[in-house]
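This report refers to the structure that appears directly beneath it.
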There are 2 protein chains.
Amino acid sequence: MAKTKDSNTEGNILASAENIFQSKGMDGARMQEIADKAGINKAMLHYYYRSKQLLFEAVFNKAFSLLAPQLNVILNDDSTIEDKIKNFTSSYISFIMKHPYLPSFILQELNRNPKFAKKLQENQNFPNLEKFKNQVNLEIEKGILKPIKGEQLFINVLALSIFPFVASPLIKIFLKSSEKEYKQLMKDRKTDVSDFIIKSIKA
Amino acid sequence: MAKTKDSNTEGNILASAENIFQSKGMDGARMQEIADKAGINKAMLHYYYRSKQLLFEAVFNKAFSLLAPQLNVILNDDSTIEDKIKNFTSSYISFIMKHPYLPSFILQELNRNPKFAKKLQENQNFPNLEKFKNQVNLEIEKGILKPIKGEQLFINVLALSIFPFVASPLIKIFLKSSEKEYKQLMKDRKTDVSDFIIKSIKA
DNA sequence: GTCTATAGCCAGATAGAC
DNA sequence: GTCTATCTGGCTATAGAC
């Protein structure tokens, strides 16, 4: 169906697989549907990726490798906590608005299969929280921030940025809002979220 | 296997179905596994619930009817916004700690099947946000709260309360924390979350 | 009400022609 | 590399004995 066909079959397959896996999950996805979307035959999926499991892992790993680097905005640069939070919430929400299925997909599959979690943990450049925690403590000592545990602050930043996308159907119901109103609300959050956090933690 | 057997077969089935559906989702769940867990035969599932779909709906509806009333703490009682938030975050987090799979289950299935969302929307006593929004505006006018949109505040309260459970595998990786440490962190959030919010919005 | 056995279908995977 | 045809297994659901 929706082909970006450069007769680049392997790429077409991966693109279609992303679309299907990310919206239906591993268990709900059908190889036939992926093949249809790529405009090719089911046998080709196995020719290029051997099995459903391996095709799925290609999609999952790519998705994770897109999301993870975004975290370095908050973990690995040298600005103040306030600036980090402003930059992160804004850029992360922008990013997710372009890929709204990614967070639920990752979380759902991590819940489904703890093996993925183990694999990620043993990973090379998995984001490290230590620097962030130290910086938070330092800024508290300096009187820049009110006392707060670095872990909780980090969780709060993620929660406020990501949750509205994971829970989008629920939020649309609560707010009785159209798709358009929902999107506007998410746009607003690019600054609303950091304002909300900064107000809470700034001394 | 794990039976609470009073030879109450229908109840046993529902309990086992909750366990399996909530951890594996509709697509990943197997009728055989539910039967095994209930210590009965597969045919009995169909005898009592006719089909997988209907059994699933029984589980989903029960789960939702457990979660929704908790929202009335924040939407339908008469205390101040500050008290509502304190009560809600504490009681909701306590509740979810006892049923950690519920939120991801509901969100996953709402994402998978928009029909459920539609059904809920048309529902009788679905929580209504209007009262909360009006109260927020009133307290802002009175100078009790700093300016904030009621919708965003509501989303923030939900996000901070629920997200850590939906994202538990991810959070455990980030924090390199054991199950025990994770649980302690969630316990702490019963008060940490409301403190965090109140600091941000109180004038 | 509860069981065994099986029908019927569907999905993942492979064989083999082109 | 790409296709059609087919194998094989697993899953929901039902028939029918007890």
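To find a chain, count down the sequence lines: A is the first, B the second, and so on, and within it residues start at 1. For the numbers below, each heavy atom of this structure counts, side chains included, while hydrogens, waters and symmetry mates do not.
- Counting to the nearest Å, the P atom of C/dT14 and the CG atom of A/Asn41 are 15 Å from each other.
- Note: A/His99 and A/Phe95 have tilted aromatic rings, judged against thresholds of 30 and 60 degrees for the angle between ring planes.
- Atom CZ of B/Phe60 sits in a crowded spot, with more than 12 heavy atoms from other residues, nucleotides or ligands closer than 6.0 Å.
- Residue B/Tyr48 places at least one side-chain N or O closer than 4.0 Å to OP1 or OP2 of C/dT2.
- A close approach under 4.0 Å does not occur between any side-chain nitrogen or oxygen of A/His46 and OP1 or OP2 of C/dT14.
- Once rounded to the nearest 0.5 Å, the distance linking OG of A/Ser178 with NZ of A/Lys183 reads 10.5 Å.
- Atom OG1 of A/Thr80 is separated from atom CD1 of A/Ile85 by 8.5 Å, given to the nearest 0.5 angstrom.
- For the pair A/Arg30 CZ and C/dG12 P, the computed distance is 5 Å after rounding to whole Å.
- The nearest whole Å value for the distance from the OH atom in A/Tyr49 to the C1' atom in C/dA13 is 18 Å.
- Computed from coordinates, the B/Asp36 CG to D/dT12 P distance equals 12 Å when rounded to whole Å.
- Rounded to an integer number of Å, the gap from CD1 of A/Ile40 to P of D/dC3 is 7 Å.
- As rounded to whole Å, 8 Å separates atom C1' of D/dA13 from atom NZ of B/Lys42.
- Taking CZ from A/Phe64 and CZ from A/Phe105, the interatomic distance works out to 11.5 Å, rounded to the nearest 0.5 Å.
- Taking only side-chain nitrogens and oxygens, B/Thr9 never comes nearer than 4.0 Å to OP1 or OP2 of C/dG1.
- Of the candidates D/dC3, D/dT14, C/dA13, the closest approach to any side-chain atom of B/Ala43 belongs to D/dT14.
- Atom OH of B/Tyr47 and atom P of C/dG1 are 4 Å apart (whole Å).
- When heavy atoms are screened at a 4.0 angstrom cut-off, B/Ala35 is found touching no nucleic acid atom at all.
- With C/dA13, C/dT2, D/dT14 as the choices, the nucleotide that has an atom nearest any side-chain atom of B/Met44 turns out to be C/dT2.
- Minimum atom distance to the side chain of B/Lys52 is reached by D/dT12, of the listed D/dT12, C/dT4, C/dA13.
- Here the C1' atom of nucleotide C/dA13 and the CZ atom of A/Arg50 are 10 Å apart, to the nearest Å.
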